[in-house]
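A short worksheet on the structure shown next.
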There are 2 protein chains.
Amino acid sequence: MPAIQNDPATGGDAPLDMSLRLERGGTVSDQVYDALRHAIVTVRVLPGASISENRICRSLGVSRTPVRSAIVRLAEDGLIDVYPQKGSFVAPIRLAAIAESRFIRRVLEVAVVRDAGAVWNATHSAAARAAIAEQARAIAAGESEAFFRADEHFHHIFSLAAGHEGAWAAIVQANSRLGRFHRLFGNKDRLPVVLQEHTGVIDALDAGEVDRAAHRLEDHIDKVFTLIDHLPEDLRRLVEG
Amino acid sequence: MPAIQNDPATGGDAPLDMSLRLERGGTVSDQVYDALRHAIVTVRVLPGASISENRICRSLGVSRTPVRSAIVRLAEDGLIDVYPQKGSFVAPIRLAAIAESRFIRRVLEVAVVRDAGAVWNATHSAAARAAIAEQARAIAAGESEAFFRADEHFHHIFSLAAGHEGAWAAIVQANSRLGRFHRLFGNKDRLPVVLQEHTGVIDALDAGEVDRAAHRLEDHIDKVFTLIDHLPEDLRRLVEG
DNA sequence: CGTCATCCGCTTGTATACTAGTGTCCCGCC
DNA sequence: GGCGGGACACTAGTATACAAGCGGATGACG
């Protein structure tokens, strides 16, 4: 199955099939939601791409109703902008929104990791290091999506340890915007550095030095923003601001 | 028009009209969403109340489609739980979720107010004190909804000053859960104290003492949780956990 | 050749009909 | 009287048809 993709040179609004496939059970609406969300977050469909309800429901062989339902939810998530009577489009990556998402994530995660430090034990440490190992494997294998999945898993461990599932939900929501930014502008050379930073946080936690862990995590998340200074010119038009 | 309300003694799932009215323009779906959300957050419909699509669309004189769209969005907000083929119900107030919302709000608002302190000026101060004055007026007039509205406005000022609109959106989302808790279990005797705490934060900001302002705000938000220790027995069953 | 009006196709929004599943209530049976 | 089964009302999920509005293309007119 060829991964037909919107041509970046046209601004990404070419009316092409986005090779969506419905996977698991559940309602059709949920399946469409998952498929669309995954396609957007992994930038298989680029910011600005046209999301036509008719095209999608034809492409998936379902009616407009569940597709509309999924789009409503994605609009609520801020991943799709709906312009009545004109069209729906994958939300652009706004630099202001990226800055806010980074702020939210940094503040919440630092607070979470401080709480996690109070109950940190060997089990948590082992889980975190396993996630780091998976990231290393993904880098070696060149599986970028596996890397991002393991990255999310790594960061989730702090929330799990601290019992802050609600905060994790908020972090994930902020991350859905950051995720697209990472995948578009992430530098492969930095991936090993990410692993070092992750390891540094866990080392500090294992040593019981919560403050140091918090500062390292803060620096780690802040580093994301250095990407903005080095936006490749050919991708710069995919962001606003 | 009598404000027919679900009977608390029955668990709130009496199939009664909830006196919804559509106000302003925009799409019908948006109007239904606003009306339902307002009714839920202000606990005019209690946690556990049945949300029947058919009943609502009959009551409002619209079709099921926009009602469904609104319910999907509210479910995404965590205010409604949808059980396929069984029914949709106003989400219960889960103590765990309240704790998480408080955590999120405290962490985010403290970080925001620190940034706001860096740019704090007389205009911000005047706006904040105006909001406090409005709260005092609302207390004197016994207009509880006006009080809550002014309270939200007060807290919004920090985000506006610091330019953290995204963080404010996250705060509002967490607050939609806390809001119901406040309205159900809030103690009227504490309202004047709230005003004092608000004034204390602004005083500290005006004096340029950002740390003190942050600590006062943190204490202020944490005080919410003292309500949990004094849940009236007759309302206790409205919460989970 | 330029400009304006009209038409047509596309979009999302809304209304209605149908499907599949669940829980209840009532009636018949034991 | 107690228990079991089936009809029935109700739920949300899905499909389809219609309405309203925007925009571009097209063709006539100046």
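The structure presented is a predicted model; accordingly, all values stated were derived computationally and were not measured. Order of the sequence lines sets the chain letters (A, B, ...), proteins ahead of strands, with each chain counted from 1.
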Lys/Arg N to Asp/Glu carboxylate O, [X] vs [Y], below 4.0 Å:
X	Y	result
A:Glu145	A:Arg183	yes
B:Glu76	B:Arg73	no
A:Arg149	A:Glu134	no

Given D:dA12, C:dT12, C:dT14, the nucleotide with the shortest approach to the side chain of B:Ser52
D:dA12
A:Val82 has its side chain closest, among C:dT12, C:dT16, D:dG13, to C:dT12
Establish, with yes or no, whether the OP1 or OP2 oxygen of D:dA12 is under 4.0 angstrom from a side-chain nitrogen or oxygen of B:Ser88.
yes
Is any side-chain nitrogen or oxygen of B:Asn54 closer than 4.0 Å to OP1 or OP2 of D:dC10?
no
[X] [atom1] - [N] [atom2] separation (whole Å):
X	N	atom1	atom2	answer
B:Arg64	D:dC10	CZ	P	14 Å
B:Ile71	D:dT11	CD1	C1'	11 Å
B:Gln85	C:dT22	CD	P	7 Å
B:Tyr33	C:dT14	OH	C1'	20 Å

Check: A:His155 ring centroid to A:His220 ring centroid under 6.0 Å
yes
DNA chain D nearest-nucleotide lookup for A:Lys86 and B:Glu53: closer to the 5′ end is B:Glu53
